[in-house]
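Comments concern the structure below.
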Amino acid sequence: MKINLNKLVTESRNPASAEIDTLPTLDMLAVINQQDKLVPVAVEATLPQIAQVVDKVVEAFGRGGRLIYCGAGTSGRLGILDASECPPTYGTPREQVVGLIAGGHPAILQAVENAEDSREMGEQDLRDLNFNDRDVLVGIAASGRTPYVLGAMAYAKSAGATVAAISCNPGSEMSQAADIAIEPVVGAEVVTGSSRMKAGTAQKLILNMITTGAMIRSGKVYGNLMVDVEATNAKLLQRQVNIVVEATDCTPEEAQKALGECSRHCKTAILMMLSGLSATDAGALLAKHQGFIRKALQGITT
């Protein structure tokens with residue numbers, strides 16, 4: 001099937017960079033920077049749709065479902081990056097947020113030729129995950145027409161799941177196939193067709209919002225503190241202490257003691273310090289309130 005790329009916004013030529021190869025380095029970078037400034041504005045226009053996806057993901061998590069990202073090339077790598085950072089940041093199970101890329105693991109590091117052109121591969125990758133109606137699929141493709149992603153989206157729809165799409169071309173095939181279409185129109189790239197640039201930046205910002213928003217709504221943030229952070233290295237061990245201190249105004253020594261009594265579970269340590277409860281009782285109260293610190297504290301006062 002012949003694709004007319006000339007009709008895609010992401011494949012159009014940018015007049016602002018038409019002579020960029022003639023510019024001194026600083027001026028060249030200034031052109032790139034000026035174009036990058038357009039991205040947050042384009043993302044801002046899609047906030048209502050991003051909010052819809054966040055709410056659907058929170059609902060999915062509440063019924064034991066997952067968030068699955070699906071993309072090819074840069075889009076797939078960005079999904080994998082966002083998914084891989086959820087467990088250490090928010091203490092989520094590694095299977096709760098998953099990134100799929102056309103061509104599988106080898107495609108993370110280098111291009112796998114023609115992998116993105118297979119609708120069947122997109123469907124099969126979801127089948128391999130036992131994708132079902134409790135899950136949410138977010139298809140990611142700057143062009144909005146990647147067959148691998150479209151195949152996955154069609155299968156997800158047939159399974160009765162919520163399907164969202166992130167595309168930088170308005171009215172794309174992916175957008176039309178999705179329940180929720182997120183379309184940040186960032187315009188032509190500085191280097192024609194290099195959608196890892198503005199389009200990729202827009203995708204990264206949106207993916208950050210989806211997972212961060214879902215984690216906040218799931219009780220994994222207290223104030224603006226990542227209270228479910230996993231301590232997997234020295235930096236994160238210290239961050240846990242800092243989080244407990246910030247949340248409770250206790251001393252670092254008190255924070256260390258509380259963390260030691262609750263197997264270094266930040267939320268339990270915070271509730272212990274704020275309520276005077278033992279580690280066992282604080283943990284039980286958190287469980288009763290689905291891990292929400294504020295709800296647990298309200299439960300004590302009422």
Side-chain angles (χ1 to χ4, degrees), residues 36 39-40 43 46-47 50-51 53-62 64-110 125-126 129 131 135-142 149 152 164-166 182 184 195-197 199-244 246-247 264-267 291:
D36 285 344
V39 176
V43 171
T46 71
L47 289 179
I50 299 172
V53 175
V54 169
D55 289 341
K56 288 295 184 182
V57 172
V58 174
E59 290 175 14
F61 288 170
R66 301 165 294 178
L67 167 61
I68 310 297
Y69 290 136
C70 176
T74 296
S75 298
R77 294 182 192 104
L78 288 170
I80 289 170
L81 174 64
D82 196 64
S84 67
E85 291 178 343
C86 289
T89 307
Y90 298 111
T92 59
R94 299 195 179 277
E95 64 274 10
Q96 189 175 57
V97 183
V98 178
L100 297 176
I101 186 169
H105 190 270
I108 298 172
L109 299 179
Q110 61 185 30
D125 283 352
L126 286 189
L129 284 178
F131 187 90
D135 301 325
V136 172
L137 178 71
V138 177
I140 315 165
V149 179
I166 302 173
I182 302 172
S195 55
R196 73 183 184 90
M197 299 182 74
T201 300
Q203 291 170 344
K204 179 67 165 67
L205 291 174
I206 292 167
L207 297 178
N208 283 350
M209 288 184 182
I210 291 173
T211 46
T212 303
M215 296 305 167
I216 292 171
R217 289 284 173 241
S218 298
K220 293 184 172 293
V221 174
Y222 178 63
N224 60 358
L225 302 172
M226 55 172 76
V227 290
D228 264 332
V229 62
E230 288 186 350
T232 55
N233 57 42
K235 177 187 74 174
L236 296 179
L237 285 167
Q238 184 59 50
R239 180 176 292 169
Q240 283 191 324
V241 174
N242 295 346
I243 286 170
V244 176
E246 289 289 337
R264 301 204 69 86
H265 189 248
C266 269
K267 286 200 289 195

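Residues Q96 and G65 share a closest heavy-atom pair of CG-O, 4.3 Å. Minimum interatomic distance between I101 and G73 (heavy atoms only, all atoms of both residues): CD1-O, 3.7 Å. What you find for Y90 and V221 is that their closest heavy atoms are CE2-CG2, 3.9 Å. The nearest pair of heavy atoms linking C70 to L137 is CB-CD1, 3.9 Å. Considering every non-hydrogen atom in both G219 and K267, the closest pair reads O-NZ, 3.2 Å. When all heavy atoms are compared, the tightest approach of M209 to V43 is CE-CG1, 4.0 Å.
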N/O donor-acceptor pairs under 3.5 Å from side chains in residues 54-62, not counting sequence neighbours:
none

For residues 76-84, please give each side-chain donor-acceptor pair under 3.5 Å, one per line with the distance, not counting sequence neighbours.
{"unit_1": "R77", "atom_1": "NE", "unit_2": "A107", "atom_2": "O", "d": "3.1"}
{"unit_1": "R77", "atom_1": "NE", "unit_2": "I108", "atom_2": "O", "d": "2.9"}
{"unit_1": "R77", "atom_1": "NH2", "unit_2": "A107", "atom_2": "O", "d": "3.0"}
{"unit_1": "D82", "atom_1": "OD1", "unit_2": "T211", "atom_2": "OG1", "d": "3.3"}
{"unit_1": "D82", "atom_1": "OD2", "unit_2": "Y69", "atom_2": "OH", "d": "2.9"}
{"unit_1": "D82", "atom_1": "OD2", "unit_2": "T211", "atom_2": "OG1", "d": "2.9"}
{"unit_1": "S84", "atom_1": "OG", "unit_2": "I80", "atom_2": "O", "d": "3.2"}
{"unit_1": "S84", "atom_1": "OG", "unit_2": "L81", "atom_2": "O", "d": "2.9"}

What side-chain donor-acceptor pairs closer than 3.5 Å can you find for residues 199-207, not counting sequence neighbours?
{"unit_1": "T201", "atom_1": "OG1", "unit_2": "M197", "atom_2": "O", "d": "2.9"}
{"unit_1": "Q203", "atom_1": "OE1", "unit_2": "S75", "atom_2": "OG", "d": "3.3"}
{"unit_1": "Q203", "atom_1": "NE2", "unit_2": "S75", "atom_2": "OG", "d": "3.2"}
{"unit_1": "K204", "atom_1": "NZ", "unit_2": "N208", "atom_2": "OD1", "d": "3.0"}

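Summarising the geometry, atom CG belonging to L225 is positioned 9.0 Å from atom SG belonging to C266; distances are rounded to the nearest 0.5 Å. Within the model, atoms NE2 of H265 and CG of D228 stand 4.5 Å from one another, a figure rounded to the nearest 0.5 Å. Put simply, OG1 on T212 and CZ on R217 are 12.5 Å apart, with the number rounded to the nearest 0.5 Å.
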Practice problem: Go through the steps to decide whether L129 and R66 satisfy the test side chain to side chain contact (heavy atoms under 4.5 Å, CB included), and finish with yes or no. | Solution: CA-CA 10 Å; L129 284 178; R66 301 165 294 178; 4.0 Å; yes
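For the pair L236 and E230, the minimum side-chain heavy-atom distance is 4.5 Å or more. The shortest distance between side-chain heavy atoms of I210 and I166 falls below 4.5 Å. In this structure, the side chains of D135 and L126 stay at 4.5 Å or more apart for every pair of heavy atoms.
Counting heavy atoms of neighbouring residues, nucleotides and ligands inside a 6.0 Å radius, atom CD of E246 does not exceed 12 of them.
Using modelled atom types and a 3.5 Å distance limit, the side chains of N242 and Q238 yield a donor-acceptor pair.
Under the 3.5 Å distance criterion, the side-chain polar atoms of R239 are left unmatched by any main-chain donor or acceptor of V229. Under a 3.5 Å cut-off, the side chain of K220 and the backbone N or O of T92 do not form any donor-acceptor pair.
By the salt bridge (charged side-chain N to carboxylate O under 4.0 Å, His left out) test, D125 pairs with no residue at all, sequence neighbours left out. In terms of the side chain to side chain donor-acceptor pair (under 3.5 Å) criterion, residue partners of R264 (sequence neighbours excluded) are, by chain and number, Q240, Q256. Under the side chain to side chain donor-acceptor pair (under 3.5 Å) criterion, S218 pairs with no residue, sequence neighbours left out.
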